[in-house]
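Scope of the values below: all heavy atoms of this structure, side chains included, with no hydrogens, waters or symmetry mates. Both counts, for ligands and for their atoms, begin at 1 and track the order of listing. For the single chain, residues carry numbers from 1 onward in sequence order.
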Amino acid sequence: MSTFSDIDDLVASLLDGLPWPAILVNEAGQVTFINREMKGRSRLPEVIAGTHLSELYPQYHAALGGAPPWLTPQDTEVNISPGLLERVCVRRVPSGACLVITESSQREFDLGSAQTARLASLGFMVAGVCHEVANPLTVIHSMVQLLQSGGPLSAETLERGLANIAANVQRVLNITRTLNEFSRGGIDQRTLLRINHSVSEALANTQQRTLFRNIEVTRNEDENFWVMGVADQIEQVFANILLNAAQAMNGNGQIFIFTVMRNPLQVEITVRDTGPGIAPGHLPRLFEPFFTTKPSGQGTGLGLAICNEIVIEHGGSLRAMNHPDGGACLIVTLPLHEQRP
Ligand SMILES: Nc1ncnc2c1ncn2[C@@H]1O[C@H](COP(=O)(O)OP(=O)(O)O)[C@@H](O)[C@H]1O
Ligand SMILES: [Mg+2]
């Protein structure tokens with residue numbers, strides 16, 4: 001006669017042999033076992049006794065209805081992130097339920113929709129660009145008219161007029177350069193990337209600036225998280241975030257970069273600085289194209305708008321918040337790629 005625990009052991013050892021990720025949950029919703037496939041994918045340490053499904057795998061918990069209903073046998077599609085869809089099969093076992101992830105389709109950048117999204121966001125930006133470019137051009141136009149008027153001009157007026165034109169030309173150039181970098185990003189150049197390598201590349205590029213001379217960067221580099229993406233774009237995201245952090249601190253302070261697994265399917269990269277943080281009123285507008293608090297010439301307000309677009313195109317998300325101990329936190333979440341090379 002077998003006891004329940006014998007049966008559970010049997011179920012566990014069967015699950016361990018499966019080629020699919022699987023989780024055992026007791027009646028209370030606590031995770032009692034994760035199989036080898038799931039462990040391999042999530043690289044979680046052993047399950048801590050008593051950890052609830054909602055803590056360990058909030059997406060599955062939510063998708064399966066939260067409380068007891070999720071113990072009902074079902075096949076449910078779970079939208080893990082914009083780029084990832086999974087099918088979860090729930091079956092009863094003597095001590096609770098067993099969840100098996102039978103299908104996982106990383107929605108590869110669908111060329112069509114990625115391009116449509118890019119076009120849509122470019123369209124959205126164009127309206128802003130026209131406005132942003134029109135202002136300096138108006139200034140340039142009236143300066144040129146003044147210089148052409150043939151009236152007597154002091155050397156000082158001439159010098160100021162030309163400086164004004166130069167500054168406004170620079171403004172336009174900054175905008176067009178930033179937009180050009182964004183639109184150039186090739187959709188077909190995606191490769192398997194080690195996320196910490198992308199961060200290192202972005203750091204290497206930004207740290208050359210004198211602005212970074214008195215900034216100390218601390219990071220954890222021990223983990224290898226692989227994502228599928230366009231290397232230049234992912235680096236651009238981190239370079240923009242790092243530059244903003246350095247600017248917010250006026251070149252003096254610390255930056256912390258932490259890469260952790262948010263859940264079995266997503267990697268989260270947090271960039272925190274020791275600057276003044278973001279005014280609560282500005283938080284909702286941060287990713288708006290042309291939202292900037294920097295003097296003209298220094299900021300185009302396109303940095304985070306573009307970062308946001310890139311991250312979304314990669315099936316991830318970008319969030320901004322203030323750290324309880326001060327400073328701003330920019331958090332990039334990206335879908336982990338299942339295969340490591
Ligand atoms: N680390 C940060 N700390 C404080 N404020 C920030 C930080 N990063 C971004 N911001 C705010 O968000 C605004 C928009 O950033 P961004 O889109 O990169 O445009 P820009 O840097 O050209 O102003 C900045 O002007 C700044 O007010
Ligand atoms: Mg910026």
A side-chain contact here means heavy atoms from C-beta on lying under 4.5 Å apart; do Glu37 and Leu18 qualify? no
Which ligand 1 atoms are under 4.0 Å away from a heavy-atom of Gly277? 4 (C)
Is a side-chain donor or acceptor of Asn168 paired with a backbone partner of Ile140 at a separation under 3.5 angstrom? no
for atom 7 (C) of ligand 1, nearest protein heavy atom and its distance come out as Asn244 CB, 4.1 Å
Please tell me whether Leu158 and Ile165 are part of a single hydrophobic cluster in this structure, the criterion being side-chain heavy atoms less than 4.5 Å apart. yes
Which atoms of ligand 1 have any heavy atom of Asp273 under 4.0 Å away? 1 (N), 2 (C), 3 (N)
Would you find a donor on one side and an acceptor on the other, under 3.5 Å apart, between the side chain of Asn263 and the backbone of Leu265? yes
Ala328 neighbourhood, listing ligand 1 atoms whose heavy-atom distance to it stays under 4.0 Å: 1 (N), 2 (C), 3 (N)
min-distance protein heavy atom vs atom 27 (O) of ligand 1 -> Thr293 OG1, 2.4 Å
Between the side chain of Thr274 and the main-chain N/O of Gln254, is any donor-acceptor distance below 3.5 Å? yes
So, regarding His282 and ligand 1 (criterion: nitrogen or oxygen to nitrogen or oxygen, under 3.5 Å), is there a contact or not? no
In ligand 1, which numbered atoms sit nearer than 4.0 Å to a non-hydrogen atom of Ala248? 2 (C), 3 (N), 4 (C)
Sub-4.0 Å atoms of ligand 1 with respect to non-hydrogen atoms of Ala245: 1 (N)
Identity and distance of the protein heavy atom lying nearest atom 14 (C) of ligand 1: Phe291 O, 3.3 Å
Between His314 (side chain) and Gly316 (backbone), is there a donor-acceptor pair under 3.5 Å? no
Lys294: heavy atom below 4.0 Å from ligand 1, yes or no? yes
Counting each atom of ligand 1 from 1 as listed, which ones have a heavy atom of Thr292 under 4.0 Å away? 20 (P), 23 (O), 25 (O)
For a quick check under 3.5 Å, do Asn244 and Asn240 share a side-chain donor-acceptor pair by atom type? no
Examine Asn244 and say whether one of its N/O/S atoms is closer to the Mg ion (ligand 2) than 2.8 Å. yes
Side-chain contact test, heavy atoms from C-beta onward, threshold under 4.5 Å: evaluate it for Phe225 versus Ile269 and give yes or no. no
Proximal atoms of ligand 1 relative to Leu286 (non-hydrogen, under 4.0 Å): 11 (C), 12 (O)
Write out the residue and atom name of the closest protein heavy atom to atom 19 (O) of ligand 1, then the distance separating them to 0.1 Å. Gly301 CA, 3.2 Å
Protein heavy atom at shortest distance from atom 5 (N) of ligand 1: Ile278 CG1, 3.5 Å
Any side-chain heavy atom of Val332 within less than 4.5 Å of one from Ile241? yes
Near Leu304, which atoms of ligand 1 are under 4.0 Å from a heavy atom of that residue? 9 (C), 15 (O), 16 (P), 17 (O), 18 (O)
Cluster link Met143 to Leu173, ILVMFWY, side chain under 4.5 Å: yes
